[in-house]
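Worksheet: one structure, shown below.
Being a predicted model, the structure only gives us computed values, none of them experimental.
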Amino acid sequence: MQRILIVGERFSTMLDYLNEHGYDYIVLKDIRRTKFPHKQFKKRVVCDFSSKETILKTVDAIKKPIDGVIATYENYILPAAWIAEHLELPGLPIKTAEACTDKFLMRQLFATAPEPISPDFAIINDEPDVRSFAKNHSFPLIIKPTNLAKSLLVSKNHNLEELLKNYHETMAQLQPVYDKYAPHRTPQLIVEEFLEGSIHSVDAFIDKNGEPQVLEHVVDYQTGYDIGFEDNFHYSRVLPSKLSLEDRDALRHVAHLGAEALGMKNTPAHIEIIMTKQGPRIVEIGARNGGYRERMHKLANGIDITQAAVSLCLGEPIDVVGTKDEPCAVLELFPKEPGIFNGIANETALQALPSLHYFSLKASLETFVGKASGGYKMCAVIILHHPDQAQFDKDLAFVNQHVAVKTLPR
């Protein structure tokens with residue numbers, strides 16, 4: 001029986017797959033994210049992730065043989081690469097793992113591609129850095145952390161006054177947000193050009209020779225800004241894409257170039273791309289399956305990308321050819337204005353939609369909820385799927401028009 005080491009966090013889709021397909025597994029759990037670290041569980045080992053040395057020492061103490069290493073969350077991609085190298089198993093090259101978890105290093109490698117594939121950017125350490133970049137670039141400009149996920153602390157700025165205001169507000173929140181969501185990372189901000197255009201993503205799978213297999217199926221996004229919010233979260237992810245075949249091919253071409261520029265091997269890749277007037281430009285690449293993509297691609301396309309990720313970590317061949325092309329959408333609900341969470345508008349009608357596949361509240365009633373740009377996470381997640389496009393479109397329109405987060409003043 002092959003044994004997989006899952007680095008950092010349990011992930012239900014991954015565990016379900018391993019259990020159903022006869023794999024053994026061990027979760028290498030981060031002690032700082034463990035409620036009861038001293039309790040002994042059969043398939044859990046608690047680890048201090050504060051250094052490479054403590055991680056490898058813990059791995060060496062595991063008596064059972066390990067056949068593959070997987071990280072399902074951004075914070076643990078680099079530790080998983082260290083472990084794979086240490087155990088001489090298939091994994092990301094260390095420099096690639098570093099670049100895949102740091103947008104500054106990532107942008108530097110994108111600049112080596114044979115054609116333009118990403119926006120201009122700069123590290124910001126103080127206000128003069130912000131002013132210097134603004135002086136030489138057109139607004140709007142984006143401020144974002146180099147190594148956080150889920151649009152945390154990302155802001156869009158339309159003029160210098162707004163840029164400086166958001167910079168100082170972000171700096172005030174930076175350390176607390178890192179302490180909560182990425183305690184082992186060093187806080188760092190970049191400022192970059194805002195790319196005007198529609199947002200999309202595609203998943204790819206890179207073999208041991210560094211050859212990417214990019215999925216045919218492109219996901220279309222809507223952000224908070226697209227639906228009238230002053231917040232840069234990903235509101236909806238929808239399959240199939242409404243892009244033309246020509247644009248989808250161009251997007252997949254850039255995804256291929258990006259994976260090669262980073263030197264990716266033995267890994268899934270999740271590539272976010274903006275289709276600008278100058279062509280597609282990569283926002284970022286994550287060395288993992290994209291958020292919710294396991295469910296989306298299984299429902300819409302009949303592709304098991306969890307299986308692909310497991311096969312890659314074992315050095316085995318993969319099959320990521322779709323067998324169908326049905327509509328599917330994932331929506332993350334944030335409040336339009338921060339406040340006390342008071343539920344979801346029209347939840348009863350939402351629960352009755354024929355296309356509703358999954359609905360989960362992530363916020364508790366009477367707790368304070370806020371914007372992604374303020375360091376908060378979503379209040380609810382909705383997944384819609386239906387083989388009939390007309391029914392799906394009707395149900396998605398209902399959600400877009402009538403389902404929202406309700407808040408009360410604090």
Original post:
Are the side chains of M275 and S198 in touch, meaning some heavy atoms are under 4.5 Å apart?
Top reply: yes

Subject >> F139 and H158 aromatic centres sub-6.0 Å >> reply: no

**OP:** Look at the rings of Y221 and H234 and say which category their plane angle falls in: under 30° parallel, 30 to 60° tilted, over 60° perpendicular.
**Re:** perpendicular

Original post:
Does any donor atom in the side chain of N289 or H270 lie under 3.5 Å from an acceptor atom in the other side chain?
Top reply: no

Original post:
Any cation-pi pair here, K103 with F121, using under 6.0 Å and within 45°?
Top reply: no

**OP:** Count the heavy atoms belonging to other residues, nucleotides or ligands that lie under 6.0 Å from CD of E366, then report whether that count exceeds 12.
**Re:** no

Original post:
Going by atom types only, do E211 and H256 share a side-chain donor-acceptor pair under 3.5 Å?
Top reply: yes

**OP:** State whether Y225 and K156 meet the cation-pi test: NZ (Lys) or CZ (Arg) under 6.0 Å from the six-membered ring centroid, and within 45° of the perpendicular axis.
**Re:** yes

Original post:
Just by distance, with hydrogens left out, do Y292 and E332 show a side-chain donor and acceptor under 3.5 Å apart?
Top reply: yes

Original post:
How about D30 and Y76: does a side-chain donor come under 3.5 Å of a side-chain acceptor?
Top reply: yes

**OP:** Decide if atom NZ of K208 counts as having more than 12 heavy atoms of other residues, nucleotides or ligands within a radius under 6.0 Å.
**Re:** no

Subject >> Exercise: do N147 and D102 side chains pair donor with acceptor under 3.5 Å >> reply: no

Original post:
More than 12 foreign heavy atoms under 6.0 Å from CD of Q401: is that the case here?
Top reply: yes

**OP:** Mind telling me whether F133 and H137 have parallel, tilted or perpendicular rings, with 30° and 60° as the class edges?
**Re:** parallel

**OP:** Look at atom NZ of K406 and say whether more than 12 heavy atoms of other residues, nucleotides or ligands are closer to it than 6.0 Å.
**Re:** yes

Original post:
Can you tell me how far CD1 of I274 sits from OG of S201, rounded to the nearest 0.5 angstrom?
Top reply: 12.0 Å

Original post:
Just wondering, are more than 12 heavy atoms of other shown residues or ligands nearer than 6.0 Å to NZ in K324?
Top reply: yes

Original post:
Got a second to check how far F398's CZ is from L353's CG, nearest 0.5 Å?
Top reply: 6.0 Å

**OP:** Indicate whether the side chain of S236 and that of Q222 have a donor and an acceptor atom separated by less than 3.5 Å.
**Re:** yes

Original post:
Looking only at side chains, do S364 and T367 share a donor and an acceptor under 3.5 Å apart?
Top reply: no

